[in-house]
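The structure under discussion appears below in the form of structure tokens.
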Amino acid sequence: MRSWQRTFRGPTSWTTCSRVARSTRACAEPFLALPEASARGADELDLVVFPTALRGDGRGADLPWLREIPDTLSSVSWSPWAEISPAVARRLAVATGDLLAISTAAGKVQVPAYVFPGLRDDAVALPLGGPEAMALLPAVKDARSGALAFSSVRATVRRAGERIRLPVLEGSPYQHGRNIVPTVTATAPAVPRPDLSHKMYTEPKHPEHRWAMAIDLDRCTGCQACVVACFAENNVPVMGPEAAVLGRYMGWLRLERYLGDEPGGELDVQLLPLMCQQCGNAPCEPVCPTYATYHTAEGLNAQVYNRCVGTRYCANNCPYKVRTFNWRDAEFVKPLNMQLNPDVTVRSRGVAEKCTFCVQRIRYSENQARDEGRPVADGEIVPACAQTCAARAIVFGDANDPASRVSALARQPRGFRALEEVNTQPAVTYLARIRTKEEP
Ligand code: SF4
């Protein structure tokens, strides 16, 4: 039992709602019978305690995978955080990473600030999944549901004076006019694509298969189940908070998130699940001095760990920054060694690694089909991320087969490739989100 669970012994019908075990009306009821909030004082903010995509109501918050993977919207891992708006941050003279002293009638905590432009100027928001949020909530029950009342609490927020290095994975959360994640509308349903007809080099041939992926951003909810599945399938190690503050995240798939075009502009959250794009013109391949990374006849950008000497030229030359480097040997202390996938190597210190489209699953299906004297069927190979995505946003298949689902999706007018203008010829096609609001 965790410390916040010991503190809170109330009924848990709110969490039952989060498992969709009750009707929509029943889920709304706790919020209809909340106790009356007191009038807000001049320096008080509304306390908002919220579930996150990864850790939900917090019951999985001590699981290493869920702590290592950065939160979808804030990109914070391992640490608790308190979200405040840019206006509140200016008033308190704090920036992301500065400690905030937050107090309510129930308790006091010190939590690092995360300045988030999506928050109202009269609120401070803490994610569930640690003792901090629960320490601030008074033991007030909602009259109708009997659950702990999560809102109607006022909090005083002050600058504590100290600063920590918050493990935040994001670089800039803005697209800065680059339109990296384009969107479409009903009246303009096609993404403009660059003209790549001028070739400088002979492109590689893929005589039998060209394994490819299509990711529909209109379906993606940002739940990160695909990211967790990738950790599990590919023996991706958890490096811990010390590595996280240095930006040493080992995930092969991450959810790239943008909050808008420029700071201070319209909040426009866009998500892009980003893994190795298995490029046709892969910038990582010609720079490897030991040929540890090379292009296969099936279009995969393979990585031979035994050849890698750790120069990291490949990671520097990758425009997608999807290659990771093992700064230390991964530890899978007993009984965690039992979770390892025997079909995938555990990489040692000093080598680069990245997504392989779950090549072990590709080989298994290819061998199975060969033994049965038949071609690999469309949809037969399912990488771990695609298998786990509840929204069915990820489709995998053979781009050489014009009848495959992945080929059909890649032909859609919504299709685009990440940083297409640099002509890396990725095997991943994204389908742009459809905005309901028309551009002016
Ligand atoms: S691709 Fe699917 S599993 Fe991954 S974040 Fe989006 S909805 Fe979740």
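Counting starts at 1 for both ligands and their atoms, following the listed order.
Considering only residues two or more places apart in sequence or on other chains, R193 meets the side-chain hydrogen bond (donor to acceptor under 3.5 Å, both in side chains) condition with E420. For C230, the side-chain contact (heavy atoms from CB on, under 4.5 Å) criterion is met by N234, W252, L253, not counting sequence neighbours. For V48, the side-chain contact (heavy atoms from CB on, under 4.5 Å) test picks out A123, A125, with sequence neighbours left out.
Under 2.8 Å from atom 2 (Fe) of ligand 1, one finds the following protein N/O/S atoms: C389 SG.
Look at R374 and E380 and you find a salt bridge, because one of the NZ, NE, NH1 or NH2 atoms lies within 4.0 Å of a carboxylate O, short of that distance.
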Under the criterion side-chain contact (heavy atoms from CB on, under 4.5 Å), I'd like the reasoning laid out for F357 against N301: C-alpha separation, chi angles, the key distance, then a yes or no.
CA-CA 9 Å; F357 274 173; N301 176 238; over 6 Å; no
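No more than 12 heavy atoms of other residues, nucleotides or ligands sit less than 6.0 Å from atom OH of Y313. Applying the 6.0 Å contact sphere to CD of E421 captures more than 12 heavy atoms from other residues, nucleotides or ligands.
Q224 N, 3.2 Å is the protein heavy atom nearest to atom 5 (S) of ligand 1.
Ligand-side atoms of ligand 1 in range of G222: 5 (S), 6 (Fe), range being under 4.0 angstrom from any heavy atom.
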